[in-house]
> 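Before we start, here is the structure in question, set down as structure tokens.
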Amino acid sequence: MALTIGIPRETAAGEKRVATVPEVVEKLVKLGFKVAVESGAGDGANCSDDTYRAAGAEIIVGAPQLWAASDIVFKVTVPASAEVDLMREGGTLIGFIWPAQNPELMKQLAAKKATVLAIDCLPRMLSRAQKMDALTSQAGVAGYRAVIEAANAFGRFFNGQITAAGKVPPAKVFIAGAGVAGLAAIGTAAGLGAIVRANDTRAEVADQVKSLGGEFVKVEYEEEGGGGGGYAKVMSEGFQQAQRDMYAKQAREVDIIITTALIPGKPAPRLITAEMVQSMKPGSVIVDMAAERGGNCELTEPGQAVVKHGVTIIGYTDLNSRLAKQSSTLYGTNLFRLTEELCKTKDGIINVNMEDDAIRGLTVIKDGEVTWPAPAPKLPAAAAKPAAAKPVAAPAAHGHGAGGAPASAGKTAAIFGVAALLFLLIGAYAPAAFLGHFTVFVLACFVGYMVVWNVTPALHTPLMSVTNAISSIIAIGALVQIAPPLASGLDRPDEWIRWLAVVGITLTAVNMFGGFAVTKRMLSMFRK
């Protein structure tokens, strides 16, 4: 019997998101599930009850009735204690749980004999898990919205302008942390025309910052900051002091600071001190994306936008809800992809396969038994290193016994011998004019082969587009053939050659212009 997926209205204060949208409901129905939506659940995300009905969902009035009718419940925010009380015993809950921060909630869910899949516990290092990664999708939306909030509070354009009324300099934006949210903020701010700088404890993200149009600001202190799973780690006191010095310098220079530094399960690190805020120019803006965990700025007030020392400090904790439709669509898609993994038979029945690394990582409670934390996923074994080649004995001074030339060298010598014999035969019997053309042809093939062979495969596509254009020099030969006036009739051999030359010119023209067109398109990919 097909299971029912329930979508309740979110009860957290100010939360406008919904766990799925009508477009995703249609896909869930095709997997064999029934979908029930609490009346008004999607109002904050511009998803009316009528659109859910049209997609195939049943609308249920009242949270108790919705929870009682649902075998599986999709949630966005962490469920409240009162919501867990409404949950059907032995049911399944999928959403954000944060088990390390909510031990009492875990006990309450276990007492319900529930199966709980925490989307925040997804093993993000698994490539196949990316389609289910709600942390990434929501962080991307928050990073974008942080820049929009900064632009709203800032008193100037982001891009520089020169007008009859005067010159407007571009805004300078500094982004602390180049994770998913930080990279989204970098791309958005650069797209608006600002001068963007960014820093992260992980040196490997420098190229990503540059590719989005930002400048990576390095801390003058050597220490690796990768903490595994796509997160940063807590750095040493020496690094943190060097980092504070760098932040103090940036605070004096830039107009906008966006902070994203957050390590799961730990309070947000203090990056921006009150002294740094005081040193900023009047009218500057700070957007603290870590406000929910205490904030990266010392003066942040979670949930509020305040002005201190002439600087607007935005500590909103609902950035995703401020783009509720987009956030809900992405989140709903993440949960649908997870549901696909749970219901590969497409019969409306889920199978929580604990042998699957991704599902095992998500599952924090199975049938009332706490299974969190999950063991580390089994990553593919590293390829075995090839055995060291045995040293080849030096060739003997005389004779051809053991220690002679290797077999590959003998094969190469044989090939050259056959080629030399072939050239000798051609030279002895072929006309002199043919021999000259044939020599040029062979040399051209050899040179072309060696040029392409020694180019890294990553450059083969741009190389081919250029060489295709250059190789169209054969059009000159075709032009030479059709230069004399065309004779009447097609019975003479030279007349056939001339018409073949016409066809050759047509084809090489396509090749030549196509090669340059492809080259131009590839070069434009690397221009801002």
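These numbers come from the heavy atoms of this one structure, side chains and all, not from hydrogens, waters or symmetry mates.
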> Under 3.5 Å, is there a donor on one side chain and an acceptor on the other for Q108 and D85?
yes
> Go through the steps for D357 and R360 under the test salt bridge (Lys or Arg N to Asp or Glu O under 4.0 Å), then give the verdict.
CA-CA 5 Å; D357 282 342; R360 175 64 187 88; over 6 Å; no
> Can you find a pair of side-chain heavy atoms, one from T333 and one from E23, that are under 4.5 Å apart?
no
> What I want to find out is whether K107 reaches E104 closely enough, with some N-O distance under 4.0 Å, to be called a salt bridge.
yes
> Under the salt bridge (Lys or Arg N to Asp or Glu O under 4.0 Å) criterion, do R322 and D318 qualify, and how do the steps go?
CA-CA 6 Å; R322 291 169 182 261; D318 61 345; 3.0 Å; yes
> Looking at V24, L28, V18, I119, which hits side chain to side chain contact (heavy atoms under 4.5 Å, CB included) with F74?
L28
> According to the interplanar angle, ranging from 0 to 90°, do the rings of W98 and F96 count as parallel (below 30°), tilted (30 to 60°) or perpendicular (above 60°)?
parallel
> Which heavy atom in T92 sits nearest to a heavy atom in I350, and how many Å separate them?
OG1-CD1, 4.0 Å
> Holding to salt bridge (Lys or Arg N to Asp or Glu O under 4.0 Å), I want the full list of residues that pass it with E220, two or more places apart in sequence or in another chain.
none
> Quick one: does L319's side chain get under 4.5 Å of V141's, heavy atoms only?
no
> Mind jotting down which residue pairs meet the side chain to side chain donor-acceptor pair (under 3.5 Å) criterion with at least one end in residues 70-79? Sequence neighbours excluded, please.
E10-K75, E10-T77, D71-R88, K75-E83
> Would you call L330 and Q326 a side-chain contact if the rule is heavy atoms closer than 4.5 Å?
yes
> Tell me the salt bridge (Lys or Arg N to Asp or Glu O under 4.0 Å) pairs involving residues 206-219, sequence neighbours left out?
K218-E222
> Under a 4.5 Å cut-off applied to non-hydrogen side-chain atoms, are F33 and T339 in contact?
yes
> At their closest point, which heavy atom of P22 faces which heavy atom of C47, and how far apart are they?
CD-SG, 3.7 Å
> Got a list of side-chain donor-acceptor pairs under 3.5 Å for residues 293-300, not counting sequence neighbours?
from, atom 1, to, atom 2, distance (Å)
N296, OD1, T259, OG1, 3.2
N296, OD1, A261, N, 3.2
N296, ND2, A261, O, 2.9
N296, ND2, P269, O, 2.8
E298, OE1, A274, N, 3.0
T300, OG1, D288, OD2, 2.7
T300, OG1, C297, O, 3.4

> Taking C-beta and beyond as the side chain, do S39 and L66 meet within less than 4.5 Å on heavy atoms?
no
> State the CZ-CE distance between R337 and M132, to the nearest 0.5 angstrom.
10.5 Å
> Let me see the working for Q243 and Y221 under side chain to side chain contact (heavy atoms under 4.5 Å, CB included), right down to the final yes or no.
CA-CA 8 Å; Q243 189 180 52; Y221 192 98; over 6 Å; no
> Which value, rounded to the nearest 0.5 Å, describes the distance between E340 atom CD and L338 atom CG?
10.0 Å
> How would you list all residue pairs meeting ring pair (Phe, Tyr, Trp, His ring centres under 6.0 Å) that involve residues 241-269, not counting sequence neighbours?
F174-Y247
> To the nearest 0.5 Å, what is the distance between CD1 (I272) and CD (Q250)?
9.5 Å
> Taking the side chain as every heavy atom from C-beta outward, state whether D255 and R156 have any pair of such atoms under 4.5 Å apart.
yes
> Hey, could you give me the CG/NZ distance between D367 and K112, rounded to the nearest 0.5 Å?
15.0 Å
> If you measure from CD1 on I94 to CG on L117, what distance do you get to the nearest 0.5 Å?
5.0 Å
> To the nearest 0.5 angstrom, please state how far the NZ atom of K344 sits from the CG atom of N353.
7.5 Å
> Filter on salt bridge (Lys or Arg N to Asp or Glu O under 4.0 Å), then keep only pairs touching residues 127-137, sequence neighbours left out; what's left?
R124-D133, R128-E341, R128-D356, K131-E341
